[in-house]
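Heads up, the thing below is written out as structure tokens.
Note on naming: letters A, B, ... go to the chains in the order of the sequence lines (proteins, then strands), and numbering restarts at 1 for each one. Just so it is clear, the structure is predicted and the values come from calculations on it, not from any experiment.
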Amino acid sequence: MAKELIRLENCRKEFDGEVVLDSISLAIQDKEFLTLLGPSGCGKTTTLRIIGGFLRPDSGTVIFDGVKINDVPPHKRKINTVFQKYALFTHLNVFENIAFGLRVQRPKLSEEEIARRVQESLELVALKGYEKRSVSQLSGGQQQRVAIARAVINRPQVLLLDEPLGALDLKLRKDMQRELKQIQQQVGITFIYVTHDQEEALTMSDTVVVMNKGEIQQIGTPLDIYNEPKNAFVADFIGESNIIDGVMVSDNTVRMYGRNFQCLDKGFSPNEPVDVVVRPEDIDIVEVSQGQMTGTVTEVTFKGMQYDIIVDFQGFKWLIQTTDHSPVGAKIGVKIDPDGFHIMKKSEYSGLYGDYSSYSAEYDELSAAPDDGGQEDE
Amino acid sequence: MSKGKIFSGAFSAVGGFFDRFRRQSFAYPYVLWMALFVVIPIILIAVYAFTSSSGGFTLDNFSGMIDYAPVFVRSIWLAFVATVACILIGYPVALTISRMSPKNQRILIMLIMLPMWINFLLRTYAWMSLLENTGLINRFLASIGIFDLINSLHAGDLAYTPITHFQLINTDGAVVLGMVYNYLPFMILPIQSVIVKIDPFVIEAAQDLGANSRKVFRKIILPLSLSGVISGITMVFVPAVSTFVISKLLSNGTVMLLGDLIEMQFTGAAYNPHLGSAISLIMMVIVVICMSVMNKFGEGEEQAVVI
Ligand SMILES: Nc1ncnc2c1ncn2[C@@H]1O[C@H](COP(=O)(O)OP(=O)(O)O)[C@@H](O)[C@H]1O
Ligand SMILES: [Mg+2]
């Protein structure tokens, strides 16, 4: 994997005077599965369109295989795209949709060559036998497959995918996630994938790029991003996090709620104010007498695999995920192992995230949040 | 949000019956109108076409029509030429307009429709005064010395008679020009309205797959806009093949079209409504055949959008 394929250097883009991308710098390795992850409107599609050649950065450089390609039009880039809403050619059948990339090539390919490669592509996306269908007769999932087959037919070095599963229902989404990953390994090319779904990003990617407000917040492996979030935004956006104000007393010791806890982090200045992240699953519930802290259970929600319980620690509400049931109103003790703490430097996001006082409201918001994934309101 | 849904749900359940009832009853005036002013006249035309002036059944009206075959051929030919000209002019115009900003599109569409606000007769009269032998165009050409120049080229040729004007009016060309001028907007508008509806991402997808702008046009924009061309053809060819005002004014009767022929049977000295009806009927059949052939072409395309 080591070879670098694409590099964005300080790419900046404004629309109508509004900064949409603020100095994005990003290196993409050959054959990796890289995901741009962030809330709707953070600039993911814009970044992708700059890589695809549909937009030019106002300033900054796009480098492909060592060559600056700012001025190379899309049809001359070895990059293909699976568009957010598929953008299939409605006047052509499945075969001709997929064959399109071959038919515009010069010198002309023979009909046999075209037929053979279309068959290959159809096989790749498990759509054999659908050649003659009109694309408007296909289900959303099948249209998605046609879009993928069409995009890989020219054997690009990079495939760009803009929320390709956004319009599919949950079950189909899960299946397609696995399948896309398989396709990527089979064809052995770089995938640059856009999603606002953190779970999707974590399960599929080699590298995750977390974005917000046109800026990259963090780049890393899914594990890094989850375990070592750089700031409160990332910690909150990737999974659930309790984020508490603390002070780094010295290496391996953090102070919050007026007492010291052992942790594994170091390298902060003495008594530096920090954000302390504790993941809900890293908290053990114990007898009050044995707890490092004690709190009162204010809410319990059964989630199938576990209970989500909200515990009030001196006015600050934590989310704890546990398999043991504790009734509302119970006093409980909690214990957090040193590796359960993750210490972050203060950032512009400090204090904005990680408090579960408005827990239920937040959950409602999450499930009702409209995404830009093309899901039409039923 | 759920409250709103429940309410609207209840509404539509109760309203379903009334909706249907209301919708049907809204159609009655139109059905009545169609019956009175379309169906009944067609039946009358058919009755006239198959009867003689004495009232008995006859096919003479049709067999006599063979004399007018040249008029049929000329009408269809000139309408065809005008339609092709409208496509050749209208398509690039429509394409250019559809690439502009929405504001400029509105302005240009307005400009294209502007002549239509002027009375049809007046517009055609205007062309008369332009095209006449002593009209504006010929006078302009004379004033810049074109005719003197041409005549001087033939100096010494004894058989040559000097010219003082080009014959513009009273030609097939003038009639076609009149048709193109009057019906061009009906070609531009449907094509433009179909092109602007093409999903820009579909065009990007084609570029993405390696198509340069020429191929994007040929493989995406052109096929996706055919439905607009087809409705444009319908809207130009049908009135062009049946016009009589344009030919009357711009050819002074020298270029006789079907429309003129029919008109003569009803108002002229050759008064013969039975023959006129028969010709109308045949023309209607020709138009219907042309249209169904066109629709075969457009099959599978999205329904053409007629503005
Ligand atoms: N063509 C455009 N003109 C004006 N604003 C745009 C355009 N494209 C995107 N934007 C704006 O840029 C921001 C980022 O958009 P986008 O990259 O599509 O975000 P994402 O894909 O992460 O949801 C949004 O606020 C959006 O409204
Ligand atoms: Mg987007």
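In plain terms, the two heavy atoms of A87(A) and A205(B) that are nearest each other are O-CB, 3.8 Å. Contact detail for A211(B) and H75(A): the closest heavy-atom pair is O-CB, 3.5 Å.
A distance of 10.5 Å separates CZ in F100(A) from CG in D208(B), rounded to the nearest 0.5 Å. With rounding to the nearest 0.5 angstrom, the CD atom of Q207(B) is 11.5 Å from the CZ atom of R77(A).
Contact annotation for residues 46-53 of chain A against chain B (heavy-atom separation below 4.5 Å, listed by residue number): R49(A).
Take R116(A) and apply the side-chain hydrogen bond (donor to acceptor under 3.5 Å, both in side chains) test, not counting sequence neighbours, and it matches E113(A), E120(A). Partners of K103(B) according to the salt bridge (Lys or Arg N to Asp or Glu O under 4.0 Å) rule, which considers only residues two or more places apart in sequence or in another chain, do not exist here. Residues passing the side-chain hydrogen bond (donor to acceptor under 3.5 Å, both in side chains) test with Q137(A): none are found, sequence neighbours excluded.
Only the side chain of N154(A) comes within less than 4.5 Å of a heavy atom of chain B; its backbone N, CA, C and O stay farther away. Contact of L102(A) with chain B is not made at all, since no heavy-atom distance falls under 4.5 Å. Contact annotation for L160(A): neither backbone nor side-chain heavy atoms come within less than 4.5 Å of a heavy atom of chain B. Contacts between A151(A) and chain B at a heavy-atom distance below 4.5 Å involve the backbone alone (N, CA, C, O).
Just one residue in the list L224(B), I220(B), D199(B) forms a side-chain contact (heavy atoms from CB on, under 4.5 Å) with F89(A), and that residue is I220(B).
Counting heavy atoms of neighbouring residues, nucleotides and ligands inside a 6.0 Å radius, atom CZ of F80(B) does not exceed 12 of them. By the 6.0 Å contact criterion, CZ on F72(B) is enclosed, its count of non-hydrogen atoms from other residues, nucleotides or ligands being greater than 12.
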